[in-house]
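Reading through the C-alpha cells given below for one structure.
Bear in mind that the values here come from a model prediction, so they are computed numbers and not experimental data. The sequence lines fix the lettering, A, B, ..., with proteins before strands; numbering per chain opens at 1.
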Amino acid sequence: MLNYTFDWSIITSGKYFDWLVSGLITTLKLSTVSIVLAFLLGLLIAVMRMAHSKPVRWFAHAYLEFFRNTPLLVQIFFWYFGSYKILPTVINDWLNKTGFEFAAAAIALTIYTSAFIAEDIRSGVLSIPKEQMEAARSAGFSYLRSMQYIILPQAIRITIPPLVNQFLNLAKNSSLAMTIGVMEMTYQARQVESYTFKGFEAFTAATAVYLVLSIIITAAVNTYNEKVLNVHKAA
Amino acid sequence: MITFKGVHKWFKDLHVLNDINQHVTPGEVLVVCGPSGSGKSTLIRTINQLEPINEGSLIVDGMDLSDKKTNINKLRAEVGFVFQQFNLYPHLSVISNITLAPTKIRNVSKKDAEEQAMVLLNRVGLSEKRDAYPSQLSGGQQQRVAIARALAMKPRIMLFDEPTSALDPEMIGEVLAVMKDLALSGMTMVVVTHEMGFAREVAHRVAFMADGIVLEEAPPEDFFLRPQHERAKQFLRQLLTPMQSGCP
C-alpha cells in the first residue's frame, strides 16, 4: 500500500545536502551567540534583581515579567517588523547589510531566554543557606569576595541543571527564526521539501540534527559538572 | 582584649542585650551559659559584629566597634569564629576550606598555606582527611576542621558559639579536647556552651545570662558549687537532673 519511495541520497549529497549543512551552520551560530549573550544578560538581571536599590530591583522584575509572559514568536516579529520603524536610518542600513533577520532573531532569543536564566540563577543564590555568607564574612571576606569565592560557586552548581534546560530550549526555539527568513536548519529542510517533495527525508534530517545538538549540549555541561566542579563529591 | 561597656541591643521590641559590662583579658577563657533565649549567642556574635550593637561601647583587640571607621573585615580576620552548625564550605575540600582565607585575604602563598593547614589538621587529628569533602565527614570531624579553618588565620581571639550542641554525644569529647588544647596554649577564648564539664575544667570565668542580662559571673568552682542567683541555681539543677526538675 505504501506508494512512497524513500530516497535518502537526496539529503546525503549534492545541492540539497549543502543546503542542509548551511542550515546547520546558521543554527549553530544563532544558538551559540544567543546562549552566550543570554547567560551574561541573565546573570546581570539576576544581580539587579537582588540589588539594594529599589528602582533597579523594580526594573529587573518588570523586565522578567514582560519577557517571560509574552510569546517568543511575537517577540521575534516585534524585533523584525517593529523595531526598524523606531531605529535611526544609519543603524537600519548597517543591519540590512549585515543580515537584519539574523540580528533580530538573536536579539529576541537572547532577551527571551535571559529572563528565564535570571530567575534560575537568582533562585540558586537564594537556596544557599545564609550561614555560608556568615561564615565567609566572619573569616574576613568582604560582601563581594564572599559572593565570588563562596556563594556564587555553590549557586552555579545548583543552577546548572535548569540552565541546561534553558540552553536546550533556546537551541530548539531558534527554529522559529525561519518565520522571518533566517536560513537556519528548519528553513533549509522546508526548502528541500519544496523542491523535492521529499518531506520525510528532509525533516528526518532536521530532527536528527536538533536531537544530536541537544545531546551534545547536555553531555558537554554534564562533563564540565563532573570533571571541573566535582559536583558528585561536593554535595 | 575584649571590653564591653554598657552595651545594649534590641531586636525590635525585644531587649536582647541589657547593659553588658565585661572585660576579657589576653589568654582568658570565658564561658557564657544560660537558658535558650538568654542572649548568649547574640552576645558572642557582637564580638565580630555578625550582630551590630545599638548602644554602649565594644572594644575588641584595640578596635572600637562603635566607630564607623573601624575596618570590620580586618577585625574579623583577627577573630576566629566557630559555629554551632560548622558551616564549612561544601564545594571545597578540607584543605581548601582551610587555605581559602589565608591565601585570599592574607596573600599567603598556596604552598605555605597548605603546609600550615597540614600542621593544623595534625593538631586536630585529621591529617588523613585533607582531600575529603565536608559531606564525607562526621559532625565531630567537620567541627574540628572548622576550628582548624579558623586557626589558619592566626587569630588573636577565638569565639565558639555552642560548638558541640549539634553533635551526637559520642563526638562531643573529640571537639572539647581540641578546644581544651587550644585554651592551654594560651588562646583568648569566649565560649558559649552547656558543657559544664568543659567549663569547670577549662574556663577561668563563667558568666550566666538570662533575659539579656549577665546575672552572675564567677570562677567556675564558685559558680558550680555556690551559685548565688535563683535563676542560676534553677538552670544548674535542670542541667544536672533534667528529669526531676522538669515539673514545678
Salt bridge between Glu114(B) and Lys111(B), side-chain N to carboxylate O under 4.0 Å?
->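 Lys111(B) and Glu114(B): not salt-bridged.
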In plain terms, say whether Arg122(A) and Glu119(A) are close enough for a salt bridge, that is, a side-chain N and a carboxylate O under 4.0 Å apart.
->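 Between Glu119(A) and Arg122(A) there is a salt bridge, with a charged N closer than 4.0 Å to a carboxylate O.
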Look at the aromatic rings of His15(B) and Trp10(B) and report parallel, tilted or perpendicular, splitting at 30° and 60°.
->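 Plane angle under 30°, so parallel.
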Where on [X] is there a heavy atom nearer than 4.5 Å to chain A: the side chain, the backbone, both, or neither?
X: Asn87(B); value: both
X: Leu50(B); value: side chain
X: Tyr89(B); value: both
X: Leu75(B); value: neither

Closest-packed option against chain A by number of heavy-atom pairs under 4.5 Å, given Lys74(B), Arg45(B), Arg149(B) |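 With the most close heavy-atom pairs to chain A, the winner is Arg45(B).
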Of Val191(B), Leu151(B), Thr188(B), Val29(B), which meets side-chain contact (heavy atoms from CB on, under 4.5 Å) against Met158(B)?
->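 Result for side-chain contact (heavy atoms from CB on, under 4.5 Å) with Met158(B): Leu151(B).
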Non-hydrogen atoms of Met209(B) and Pro35(B) that approach each other most closely =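 The pair with the smallest heavy-atom distance is O-CD, 3.4 Å.
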For chain B, find which of Pro129(A), Ser138(A), Ala136(A), Ser142(A) contributes the most heavy-atom pairs closer than 4.5 angstrom.
->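 Of Pro129(A), Ser138(A), Ala136(A), Ser142(A), Ser138(A) has the most heavy-atom pairs under 4.5 Å with chain B.
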